[in-house]
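Shown next, in structure tokens, is the structure this report addresses.
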Amino acid sequence: MRRIVFRMTDKTNKKEQKTGWDQYHDYECLDKILTAQHLRSDEAGDHAHDEMLFIIYHQVSELWFKQILFEMDDIQNRFDRDIVNDHDMQPILAYLERIIQILKTLVSMIDVLETMPPQSFIDFREHLSTASGFQSWQFRLIEVRLGLRRDDRIPVFHGGFDDDLRAESKKAIADAESKTTLFDQLDKWLSRTPFVQKDDYDFWQEYRQAVHTMLDNKATAAQTNFTGDALEKELATITRGKTKFDAIFDSEIHKNSKNWRMSWKALQAALFITIYRTEPILQAPQRLLTYVMDIDELLARWRYRHALMVQRMMGANMGSGGSGGYSYLIDTLEKHRIFGDLFALSTYLIPSSSLPTLPQSLQDNMAYRYMGKDDKAL
């Protein structure tokens with residue numbers, strides 16, 4: 001096979017560079033990457049074959065975490081403005097979609113790790129000492145930058161979740177906690193969305209009435225289908241649903257409510273975008289909401305797969321880093337969700353046939369059209 005020789009021009013002269021294969025090796029820093037696997041079992045004179053798989057799996061995961069953080073740098077820089085430039089929406093959506101694909105890859109990578117039998121893990125687990133995936137500062141940084149708050153975390157140790165991290169890792173997390181998260185940026189962006197309340201037409205009043213009618217119908221059906229404790233629980237759930245829903249329309253109720261994390265205006269905007277997602281001007285915002293929900297769901301899916309793998313490998317034993325292992329990971333599925341408000345909005349969707357009809361002038365404002373000199377849409 002003929003080798004291709006690269007040539008490079010510097011400020012003084014042209015000089016022959018290394019061969020293409022050597023260039024690739026240096027460019028990818030393969031000397032560092034391929035020699036970064038050190039089996040503790042070999043150092044102890046007790047070789048465990050599957051320790052190599054365990055190390056590479058986690059190293060590859062950390063590389064993908066780094067890429068996610070790299071994409072988030074760009075996304076958050078574009079969002080970190082009083083007015084987000086329209087031209088920034090395409091790269092924001094593109095990089096969010098890339099994060100989604102990376103998370104799908106991380107979930108599927110567990111299939112490879114699960115080819116390791118539990119006994120093989122036990123053979124080298126003692127060499128891990130207190131090392132644990134719980135100590136992945138990059139993953140914790142992703143959670144923080146997305147919007148997971150410290151107080152929302154399930155306590156594992158007597159101190160903070162980052163107490164056992166290195167000083168520079170703790171500083172990176174502290175810096176992220178002092179800055180605006182993606183959740184906060186999305187909330188502010190949604191809060192600036194124009195609302196539907198023009199002259200004699202109030203969309204929210206009509207929609208509120210339609211949802212209350214739907215919930216009242218559910219209550220009537222419950223009285224027919226349930227009795228005793230089951231009926232009381234169902235009616236109580238419907239009542240709580242109404243109270244939570246009313247907080248979307250009443251700023252005072254929302255202010256005193258602990259049911260919603262998103263701001264009052266942001267909730268209204270998110271609901272309106274969700275309802276009328278097919279309107280041309282709302283299609284990109286709907287994709288944005290869908291993508292952050294996809295990320296939240298994939299993180300939960302990754303935690304679930306990780307939890308099952310831990311249970312498969314360790315049973316009911318404690319995690320290497322001192323966590324509760326399987327039980328802790330399962331609890332994080334719900335507790336460590338970030339964009340739960342967007343998922344909860346589906347509770348208040350009604351059939352399209354029951355949606356209030358928007359005024360034509362409003363529909364025109366949400367369409368893409370070019371007006372010619374004769375004021376006709378082209």
Exercise for review: For a side chain to side chain contact (heavy atoms under 4.5 Å, CB included) with F79, tell me which candidate from T180, D74, D88, L182 qualifies.
Suggested key: L182
Exercise for review: Show your reasoning for whether side-chain hydrogen bond (donor to acceptor under 3.5 Å, both in side chains) applies to N256 and E252.
Suggested key: CA-CA 6 Å; N256 298 317; E252 287 301 315; 4.6 Å; no
Review point. Counting only N and O atoms by type, is there a donor-acceptor contact under 3.5 Å from the side chain of D162 to the main-chain atoms of K170?
Key: no
Exercise for review: Hey, can you tell me if H47 and H49 have their rings parallel, tilted or perpendicular (30° and 60° cut-offs)?
Suggested key: perpendicular
Practice item. Validate the cation-pi geometry between K244 and W260: distance from NZ or CZ to the six-membered ring centre under 6.0 Å, angle to the ring axis within 45°. Key: yes
Study note, to complete from the structure: Looking only at heavy atoms, the pair that brings R261 and G147 closest together is NH2-O, 2.7 Å
Point to revise | F343 six-ring face occupied by R337 cation (under 6.0 Å, within 45°) | key: yes
Point to revise | Step-by-step side chain to side chain contact (heavy atoms under 4.5 Å, CB included) determination, R125 to M314 | key: CA-CA 10 Å; R125 188 192 177 196; M314 298 167 45; 3.4 Å; yes
Practice item. Tell me yes or no: between the side chains of H336 and D152, is some donor less than 3.5 Å from an acceptor? Key: no
Review point. Nearest heavy-atom pair of P118 and M313: which atoms, and what distance?
Key: CA-SD, 3.7 Å
Show me, pair by pair, the donor-acceptor contacts under 3.5 angstrom made by side chains of residues 220-234, not counting sequence neighbours?
from: T220; atom 1: OG1; to: D216; atom 2: O; distance (Å): 3.1
from: T224; atom 1: OG1; to: T220; atom 2: O; distance (Å): 3.3
from: N225; atom 1: ND2; to: A221; atom 2: O; distance (Å): 3.1

Review point. Is it true that the NZ or CZ of R208 lies under 6.0 Å from the centre of F245's six-membered ring and within 45 degrees of the ring axis?
Key: no
Check your understanding: Between R192 and D82, is there a side-chain N and carboxylate O pair less than 4.0 Å apart?
Key -> no
**Study point:** Between H212 and D246: side-chain donor-acceptor atoms closer than 3.5 Å
**Key:** yes
Exercise for review: Could you point out which residue of H38, Q37, R40 forms a side chain to side chain contact (heavy atoms under 4.5 Å, CB included) with I55?
Suggested key: Q37
Review point. Do S41 and E51 get their side chains close enough for a donor-acceptor pair, meaning under 3.5 Å?
Key: yes
Practice item. Go through the steps for Y304 and L329 under the test side chain to side chain contact (heavy atoms under 4.5 Å, CB included), then give the verdict. Key: CA-CA 7 Å; Y304 179 65; L329 291 168; over 6 Å; no
Check your understanding: Which pair of non-hydrogen atoms, one from A247 and one from H254, has the smallest distance, and what is that distance?
Key -> O-CB, 3.1 Å
Check your understanding: Hey, mind stepping through E168 and K171 against salt bridge (Lys or Arg N to Asp or Glu O under 4.0 Å) and telling me if it holds?
Key -> CA-CA 5 Å; E168 56 268 35; K171 183 179 184 305; over 6 Å; no
Review point. Yes or no on salt bridge (Lys or Arg N to Asp or Glu O under 4.0 Å) for E143 and R303, after CA distance, side-chain angles and deciding distance?
Key: CA-CA 12 Å; E143 292 179 320; R303 291 186 179 102; 2.6 Å; yes
Check your understanding: Backbone N or O of I253 within a donor-acceptor pair of the S257 side chain at under 3.5 Å?
Key -> no
Point to revise | Distance-only side-chain donor-acceptor flag, Q205 / Q209, under 3.5 Å | key: no
Exercise for review: Give a yes or no on whether the ring-centroid distance for F139 and W302 is below 6.0 angstrom.
Suggested key: yes
Check your understanding: Side chains of T243 and R240: do they bring a donor and an acceptor to under 3.5 Å?
Key -> no
Check your understanding: Roughly how far apart are L53 CG and F121 CZ, rounded to 0.5 Å?
Key -> 11.5 Å
Can I get a per-line list of side-chain donor-acceptor pairs under 3.5 Å for residues 282-289, giving both atom names and the distance, sequence neighbours left out?
from: Q283; atom 1: NE2; to: T278; atom 2: O; distance (Å): 3.0
from: Q286; atom 1: NE2; to: T290; atom 2: OG1; distance (Å): 3.2
from: R287; atom 1: NE; to: Y291; atom 2: OH; distance (Å): 3.4
from: R287; atom 1: NH2; to: Y291; atom 2: OH; distance (Å): 3.0

Point to revise | Closest heavy-atom pair and its distance - F339, V292 | key: CD1-O, 3.8 Å
Review point. Looking only at heavy atoms, which two atoms of M262 and A270 are closest? And how far apart?
Key: CE-CB, 4.5 Å
**Study point:** Shortest non-hydrogen contact from L190 toward A269
**Key:** O-CB, 3.2 Å
Review point. Is the number of heavy atoms from other residues, nucleotides or ligands within 6.0 Å of CZ (R150) greater than 12?
Key: yes
Study note, to complete from the structure: Rounding to 0.5 Å, atoms CG (L141) and CD1 (I173) come to a distance of 6.0 Å
**Study point:** Whether Y348 side chain and G241 backbone form a donor-acceptor pair below 3.5 Å
**Key:** yes
Review point. Is D187 reaching over with its side chain to a backbone N or O of S263, donor-acceptor style, under 3.5 angstrom?
Key: yes
Study note, to complete from the structure: Residues at least two apart in sequence or cross-chain that pass salt bridge (charged side-chain N to carboxylate O under 4.0 Å, His left out) with K104, listed by chain then number, are none
Exercise for review: For the residue pair T181 and D184, confirm or rule out a side-chain donor-acceptor distance under 3.5 Å.
Suggested key: yes
Check your understanding: After noting the C-alpha distance and the side-chain angles of K255 and D250, does the key distance pass the salt bridge (Lys or Arg N to Asp or Glu O under 4.0 Å) rule?
Key -> CA-CA 9 Å; K255 185 189 303 182; D250 191 311; over 6 Å; no
Practice item. Using atom types as modelled and distance alone, determine if a side-chain donor or acceptor of D50 lies under 3.5 Å from a backbone N or O of S120. Key: no
Practice item. Considering only NZ, NE, NH1 and NH2 on the basic side and carboxylate oxygens on the acidic side, decide whether R145 and D73 come within less than 4.0 Å. Key: yes
**Study point:** Electrostatic pair R301:E297 at N-O distance under 4.0 angstrom
**Key:** yes
Review point. Do NZ/NE/NH1/NH2 and the carboxylate oxygens of D80 and K179 come within less than 4.0 Å?
Key: no
Exercise for review: Answer yes or no: does atom CG of L34 have more than 12 heavy-atom neighbours from other residues, nucleotides or ligands under 6.0 Å?
Suggested key: yes
Review point. If you measure from CG on L106 to CD1 on I99, what distance do you get to the nearest 0.5 Å?
Key: 11.5 Å
